[in-house]
Amino acid sequence: MKLKCIKCGKEYSLDDVRYRCDCGGLLEVTQKELPGPQIVSVWDSRLGSKKAVDQSGVWRYREMVLDEENPVTFPEGKTNLYTLPVRKGLFAKHEGENPTGSFKDRGMTAGITFAKKLGFRAVACASTGNTSASMAAYAARAGLKAIVFLPSGKVAAGKLAQALAYGSTIFEINGDFDDAMRIVVNISQDMGIYLLNSLNPVRLEGQKTIVIDMLSQLDWEPPDWIIVPGGNLGNTSAFGKALRELKMAGIIEKLPRIATIQAEGASPFYKSFKNGFKSFEPMKAETVATAIRIGNPVNFEKAKNSIIFTNGVVESVSDREILEAKVSLDSAGIGVEPASAATHAGLRKLEQSGIIKPHEKVVLVLTGNLLKDPDIVKRIHSNEIEGFERFKDQIIKVNPELDEIKSRLREVIQ
Ligand code: F0G
């Protein structure tokens with residue numbers, strides 16, 4: 001296994017601590033060749049094992065991640081694939097069911113395991129919240145120091161609570177995620193701290209298992225579409241790589257198409273897609289989905305390759321559409337944070353424009369748990385956001401008087 005530049009092809013040792021090629025290109029991990037479709041029975045056999053490394057929905061597929069028998073694991077990645085009754089052939093892979101409540105745990109178990117192996121004592125990331133929560137938890141488990149850079153005032157309450165509780169040191173930057181990202185790259189290089197953003201190619205090897213695990217749950221019958229929210233574009237990149245490797249090994253034949261969904265106010269990837277990827281313009285980002293409030297995604301080049309390779313599309317949705325989709329998923333008992341709901345909003349839009357056909361099989365990747373962002377739920381359900389007046393009577397304030405409560409209750413159950 002090596003690090004290889006996706007731009008010029010130059011190779012480096014996997015143990016080289018670097019996040020870009022000398023030419024500036026992004027690096028990816030080159031994997032050893034898989035033995036072929038028979039590897040699937042090895043992966044299946046691990047399901048019955050009591051060992052954490054086998055139970056993990058990341059390390060169960062270690063032949064496609066890292067050669068590691070003793071990783072830093074909780075274990076993670078045992079997430080459900082739900083059917084969604086609103087549409088035939090619609091599934092949701094709920095990554096909010098990971099130990100810290102987001103998909104980030106899949107990349108972080110790989111990244112922290114590798115940081116420990118390289119002998120680092122401190123790890124760092126810039127984050128819109130979930131990466132910091134995940135990194136702080138895994139660093140605590142591994143006995144490493146965690147340093148996080150967050151955009152001040154723009155991290156949802158649940159995520160900030162986690163980063164604090166798990167013991168990380170927090171630098172609140174008076175700026176946005178893109179500022180924090182620029183700073184952390186600089187600092188980690190200068191100060192001998194291991195960088196755990198998705199710029200780190202090892203992390204993306206863990207994130208590939210979202211797709212591997214989903215396909216295993218579908219008995220290796222690929223869907224027509226995988227829909228994922230796009231921020232820093234780590235998932236879009238990792239999904240393309242996973243599909244490429246699975247196809248090369250003959251484990252799947254058909255390639256699902258990737259649809260990446262961005263928030264309108266943070267949609268540089270969408271805009272680039274619209275002009276045929278001829279140019280890319282970073283933007284100042286703003287959206288209610290704070291997880292994807294990113295204007296200059298570092299993984300742009302890799303994500304572009306994923307969209308081209310899978311004949312995919314990029315769509316953008318408004319904050320209003322995101323919140324309506326969130327209400328729809330939440331009220332089905334599934335529950336997500338706003339960024340994850342962008343997938344459902346994107347599906348609606350892509351169906352309306354005829355790009356996704358009603359008979360096609362679709363998997364939404366729900367990236368984060370409902371409890372990550374309790375404030376937005378409160379705002380939607382207490383009439384603080386225009387357009388959601390229908391929830392205005394959901395909370396009924398009463399005195400502790402039986403007759404009064406009964407009379408109000410009659411109105412509710414009638
Ligand atoms: N959904 C959630 C819940 C996220 O937290 C993120 C990214 C994304 C989607 C976007 O994924 O970057 O792979 O395109 N969160 C990062 C963080 C940036 O710092 O937690 P992506």
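When a ligand or atom number is given, it counts from 1 through the structure's own listing order. We number each residue from 1, following the sequence as shown. These numbers come from a predicted model, not from an experiment.
Atoms of ligand 1 found under 4.0 Å from any heavy atom of Ile292 (numbered from 1 in listed order, with element): 8 (C), 9 (C), 10 (C). The contact set between ligand 1 and Ser127, taken as ligand atoms under 4.0 Å from a residue heavy atom, comprises 17 (C), 19 (O), 20 (O). For ligand 1 and Ala291, the ligand atoms under 4.0 Å from any heavy atom of the residue are 2 (C), 3 (C), 4 (C), 5 (O), 6 (C), 7 (C), 15 (N), 18 (C). Less than 4.0 angstrom separates some heavy atom of Ala339 from each of these atoms of ligand 1: 1 (N). Of all atoms in ligand 1, listed by their number and element, those nearer than 4.0 Å to a heavy atom of Gly234 are 12 (O), 13 (O), 14 (O), 21 (P). Of all atoms in ligand 1, listed by their number and element, those nearer than 4.0 Å to a heavy atom of Ile294 are 18 (C). Counting atoms of ligand 1 from 1 in the listed order, those under 4.0 Å from a heavy atom of Thr128 are 15 (N), 16 (C), 17 (C), 18 (C), 19 (O), 20 (O).
Looking at Lys2 and Tyr12, their side chains never come closer than 4.5 Å, going by heavy atoms from C-beta outward.
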Side-chain donor-acceptor pairs of residues 265-274 under 3.5 Å, sequence neighbours excluded:
unit_1 : atom_1 : unit_2 : atom_2 : d
Ser267 : OG     : Glu264 : O      : 2.8
Ser272 : OG     : Ser279 : O      : 2.8

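Ring geometry for Phe74 against Tyr138 counts as perpendicular: the plane angle is over 60°, on a 0 to 90° scale with 30° as the lower cut.
Counting all heavy atoms, side chain and backbone alike, Tyr19 lies closest to Ile193 at OH-O, 4.1 Å.
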Report the C-alpha separation of Ile258 and Phe309 in whole Å, then their side-chain angles, then the decisive distance to 0.1 Å, and conclude whether the side chain to side chain contact (heavy atoms under 4.5 Å, CB included) test is met.
CA-CA 9 Å; Ile258 296 175; Phe309 174 65; over 6 Å; no

Derivation and outcome, side-chain hydrogen bond (donor to acceptor under 3.5 Å, both in side chains), residues Glu205 and Gln31
CA-CA 9 Å; Glu205 292 307 291; Gln31 285 286 348; 2.7 Å; yes

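Residue Glu337 touches ligand 1 through its side chain alone, judged by heavy-atom distances below 4.0 Å.
The shell of residues lying under 4.0 angstrom from ligand 1, judged by heavy atoms, includes Gly230. Using 4.0 Å as the threshold, Thr260 has no heavy atom nearer than that to any atom of ligand 1.
Scanning the protein heavy atoms around atom 12 (O) of ligand 1, the nearest turns out to be Asn232 N, 2.8 Å. For atom 21 (P) of ligand 1, the nearest protein heavy atom (residue, atom name, distance) is Leu233 N, 3.4 Å. When only non-hydrogen protein atoms are considered, atom 11 (O) of ligand 1 lies nearest to Phe103 CZ, 3.7 Å. Residue, atom and distance of the protein heavy atom nearest to atom 20 (O) of ligand 1 are Thr131 N, 2.8 Å. Protein heavy atom closest to atom 5 (O) of ligand 1, with residue, atom name and distance, is Asn130 ND2, 2.8 Å. In this structure, the protein non-hydrogen atom closest to atom 16 (C) of ligand 1 is Lys104 NZ, 2.8 Å.
Looking at residues two or more places apart in sequence or on another chain, you find a side-chain contact (heavy atoms from CB on, under 4.5 Å) between Ala238 and Leu204, Gln207, Lys208.
Evaluated for a side-chain hydrogen bond (donor to acceptor under 3.5 Å, both in side chains) with Thr79, the options His94, Glu95, Gln217 yield exactly one hit, Glu95.
Summarising the contacts of atom 1 (N) of ligand 1 with Val155, Ile261, Thr367, the nearest heavy atom is found in Thr367.
One distance of note links OG1 of Thr260 with CD1 of Ile227; it measures 10.0 Å at 0.5 Å rounding. Atom CG of Asp54 is separated from atom OG of Ser49 by 3.5 Å, given to the nearest 0.5 angstrom.
A salt bridge links Asp67 with Lys32: the distance from a Lys NZ or Arg NE/NH1/NH2 to an Asp or Glu carboxylate oxygen falls below 4.0 Å.
Considering backbone and side-chain atoms together, Gly231 places an N or O closer than 3.5 Å to an N or O of ligand 1.
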